[in-house]
*Asks:* 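Before we start, here is the structure in question, set down as structure tokens.
To find a chain, count down the sequence lines: A is the first, B the second, and so on, and within it residues start at 1.
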There are 2 protein chains.
Amino acid sequence: MLELRLVQGSLLKKVLDAIKDLVNDANFDCSSSGFSLQAMDSSHVALVALLLRAEGFELYRCDRNISMGMNLGNMAKMLRCAGNDDIITIKADDGSDTVTFMFESPTQDKISDFEMKLMDIDSEHLGIPDAEYQAIVRMPSAEFAKICKDLATIGDTVVISVTKEGVKFSTRGDTASANVVLRQNTTVDKPEDATVIEMTEPVSLTFALRYMNSFTKATPLSGTVTISLSSELPVVVEYKVAEMGYIRFYLAPKIEEDEDETKPEV
Amino acid sequence: MLELRLVQGSLLKKVLDAIKDLVNDANFDCSSSGFSLQAMDSSHVALVALLLRAEGFELYRCDRNISMGMNLGNMAKMLRCAGNDDIITIKADDGSDTVTFMFESPTQDKISDFEMKLMDIDSEHLGIPDAEYQAIVRMPSAEFAKICKDLATIGDTVVISVTKEGVKFSTRGDTASANVVLRQNTTVDKPEDATVIEMTEPVSLTFALRYMNSFTKATPLSGTVTISLSSELPVVVEYKVAEMGYIRFYLAPKIEEDEDETKPEV
DNA sequence: GCCCTAGTAG
DNA sequence: CTACTAGGGC
């Protein structure tokens with residue numbers, strides 16, 4: 001028996017909007033510690049990891065570990081039927097091949113339940129090793145989204161270069177090239193607006209903007225995003241899910257074999 | 001000679017937006033008592049009845065009964081040329097085969113008139129008998145529209161079940177099923193937000209969501225909708241047209257022959 | 001032509 | 001946060 005009650009149901013709606021474009025089908029794994037998901041995107045290039053800790057739910061009952069395969073598009077459609085202030089409860093009986101989402105309006109005058117068939121999905125649960133990163137950038141998530149969107153109008157890849165002074169996002173296209181430099185800046189009114197760089201070593205890596213722009217679908221979840229970079233390691237783009245956990249996106253850097261063709265540094 | 005002056009011209013615009021998707025061509029019937037329309041939808045499944053009473057017009061002159069056949073799409077297009085605050089006057093001369101719509105801006109600085117050819121339309125004016133209904137539900141029209149839209153993402157039909165406690169809308173599709181329960185609730189801030197059930201007998205009927213979703217195009221006309229249900233009778237979905245009359249949509253229930261295939265009750 | 005989505009305004 | 005509007009895609 002599984003029963004998870006989340007008063008701030010809009011969080012779950014946002015989580016699904018954040019990953020449904022990247023991943024079609026995935027297993028949600030439920031254990032006593034929390035509700036999580038790990039999946040490769042459909043082209044097997046990026047990886048998304050979601051964790052919602054048990055403590056973040058108003059009620060969390062999970063008698064035994066269970067893996068529920070869902071089509072994230074259908075799940076997102078269903079969640080769109082919930083009001084933004086609704087309380088969402090996820091229920092599954094032991095041995096059942098369905099999951100039920102219950103939506104309660106704040107006044108309790110409207111109660112909806114949506115039952116969805118579960119799917120069998122081959123999951124390849126990768127252990128993601130903890131790593132030390134050469135540079136970790138924390139910045140306003142909306143700023144990061146705008147930069148990725150802007151640069152994608154010029155080129156296909158972005159070079160992210162971090163130094164003590166700041167972080168530079170560069171791209172180059174056929175007819176134009178662009179660089180956006182953000183200075184480290186911690187003297188802001190709201191901590192959310194800060195751009196903070198923790199760095200042991202300067203680093204410069206290249207990524208496909210297409211995936212970055214998928215990751216930024218998670219922007220509504222958090223005012224800040226954390227970008228962790230190391231040579232030879234996938235970048236981690238992380239959005240906190242209020243008090244509950246996170247969504248992390250992993251993407252391997254491009255290896256620049258042919259400088260003339262692919263090096264966006266201007 | 002026919003001359004009808006309607007200060008709140010936006011009402012007529014909304015009325016046409018509400019029915020133009022359902023009915024292509026129809027006769028507007030004008031008598032000393034009012035301006036009305038009755039027509040089957042193009043697939044001959046649903047019926048729409050409109051009444052705008054003479055008293056609702058600021059000027060109402062109709063020397064003799066007249067039936068004016070119009071293409072509702074063209075009429076809606078024409079009305080879209082009127083400003084939302086415009087005064088609309090409908091004029092037709094005796095024996096003429098045209099109708100004229102005149103739009104006056106509130107300041108009288110802009111006066112437009114659009115003349116449209118009338119059509120000959122076979123009308124089959126059905127007498128709609130007054131009936132006693134087993135259950136009448138009054139609820140916020142936006143809520144009804146959202147429920148019909150949400151359920152249509154899952155299935156094709158909705159079962160509406162009314163008991164003293166509330167009204168339940170249910171559907172079932174290939175991969176999911178859903179129930180939305182609204183509790184009777186009269187203790188709300190605005191009377192429009194109430195859900196009120198008058199019932200002599202519990203009733204449960206099945207309808208095609210496609211038509212329900214056409215009916216909800218009338219939502220902008222009124223904050224509330226009234227749904228009248230009886231076994232064996234078409235449901236009536238009624239939207240009041242402010243102080244003037246109503247739009248009523250009629251739809252026959254589906255007979256559930258094959259329970260396994262069509263019964264959406266979970 | 002219709003649906004869905006994104007953006008804006010209240 | 002909801003509703004409405006405008007724009008783009010199917």
Side-chain angles (χ1 to χ4, degrees), chain A residues 6-22 71-88 103-107 109-110 112 141-142 145-146 148-150 152-153 213-223 242, chain B residues 10-11 13-14 16-25 41-43 46 71-85 139-156 173 188-190 192-193 208-225 239:
Chain A
L6 181 62
V7 168
Q8 200 180 341
S10 60
L11 283 182
L12 195 61
K13 298 179 67 164
K14 288 179 191 166
V15 161
L16 259 105
D17 285 339
I19 57 181
K20 69 166 203 298
D21 290 339
L22 208 56
N71 176 289
L72 300 191
N74 289 341
M75 183 174 168
K77 249 191 221 165
M78 216 162 256
L79 291 174
R80 241 174 267 139
C81 301
N84 264 333
D85 296 332
D86 282 5
I87 298 165
I88 297 183
F103 310 142
E104 300 167 68
S105 71
T107 58
D109 289 326
K110 180 182 179 185
S112 316
S141 59
K146 177 162 172 49
C148 290
K149 186 165 139 277
D150 289 349
T153 65
N213 275 313
S214 281
F215 302 166
T216 60
K217 297 273 160 65
T219 303
L221 275 169
S222 172
Chain B
S10 60
L11 283 182
K13 298 179 65 164
K14 288 179 192 168
L16 260 104
D17 285 339
I19 57 182
K20 69 165 203 299
D21 290 338
L22 208 55
V23 179
N24 296 327
D25 304 311
D41 83 290
S42 30
S43 54
N71 175 288
L72 300 190
N74 289 341
M75 183 174 169
K77 255 187 216 161
M78 210 162 263
L79 290 174
R80 240 173 268 141
C81 303
N84 264 333
D85 298 330
M139 60 182 284
S141 59
E143 185 73 73
F144 179 63
K146 175 164 170 54
I147 291 169
C148 290
K149 187 167 138 277
D150 286 349
L151 294 190
T153 64
I154 309 261
D156 298 327
V188 288
D189 293 346
K190 289 174 289 183
E192 278 201 352
D193 293 338
L209 277 167
R210 178 183 151 208
Y211 291 101
M212 287 293 174
N213 276 314
S214 281
F215 302 166
T216 59
K217 298 272 161 66
T219 303
L221 276 168
S222 172
T224 62
V225 61
Y239 297 83

*Asks:* Starting at atom CZ of B:Arg80, determine the distance to atom C1' of D:dC4, rounded to an integer number of angstrom.
*Replies:* 15 Å

*Asks:* Atom CG of B:Leu209 and atom P of C:dC3: how far apart are they, to the nearest Å?
*Replies:*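 From B:Leu209 CG to C:dC3 P: 14 Å.
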
*Asks:* Would you say CG of B:Asp17 has more than 12 non-hydrogen atoms from neighbouring residues, nucleotides or ligands within 6.0 angstrom?
*Replies:*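 Enclosed: over 12 neighbouring heavy atoms sit under 6.0 Å from CG of B:Asp17.
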
*Asks:* Nearest-Å distance, CG (B:Asn213) to P (C:dC3)?
*Replies:*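 Spelled out: CG on B:Asn213 to P on C:dC3 is 9 Å.
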
*Asks:* Please report the distance, rounded to the nearest Å, between NZ in B:Lys149 and P in D:dA3.
*Replies:*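 Computing the B:Lys149:NZ to D:dA3:P distance gives 10 Å.
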
*Asks:* Send over the distance from A:Asp21 CG to D:dG9 P, rounded to a whole Å.
*Replies:* 15 Å

*Asks:* B:Asn84 CG to D:dC4 P: how many Å, rounded?
*Replies:* 12 Å

*Asks:* Do the side chains of B:Val225 and B:Glu143 get nearer than 4.5 Å, heavy atoms only?
*Replies:* no

*Asks:* To the nearest Å, how far apart are B:Leu221 CG and D:dA3 P?
*Replies:*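 For the pair B:Leu221 CG and D:dA3 P, the rounded distance is 17 Å.
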
*Asks:* Passes side-chain contact (heavy atoms from CB on, under 4.5 Å), A:Ser105 versus A:Asp86? Steps please.
*Replies:* CA-CA 5 Å; A:Ser105 71; A:Asp86 282 5; 3.9 Å; yes

*Asks:* Kindly determine whether A:Lys110 and B:Ile147 satisfy side-chain contact (heavy atoms from CB on, under 4.5 Å), including the steps that lead there.
*Replies:* CA-CA 10 Å; A:Lys110 180 182 179 185; B:Ile147 291 169; 4.0 Å; yes

*Asks:* Using a 4.0 Å heavy-atom cut-off across all strands, classify A:Asp85 as base, sugar-phosphate, or nothing.
*Replies:* sugar-phosphate

*Asks:* Find the distance B:Lys20:NZ to C:dC2:P and express it as a whole number of Å.
*Replies:* 8 Å

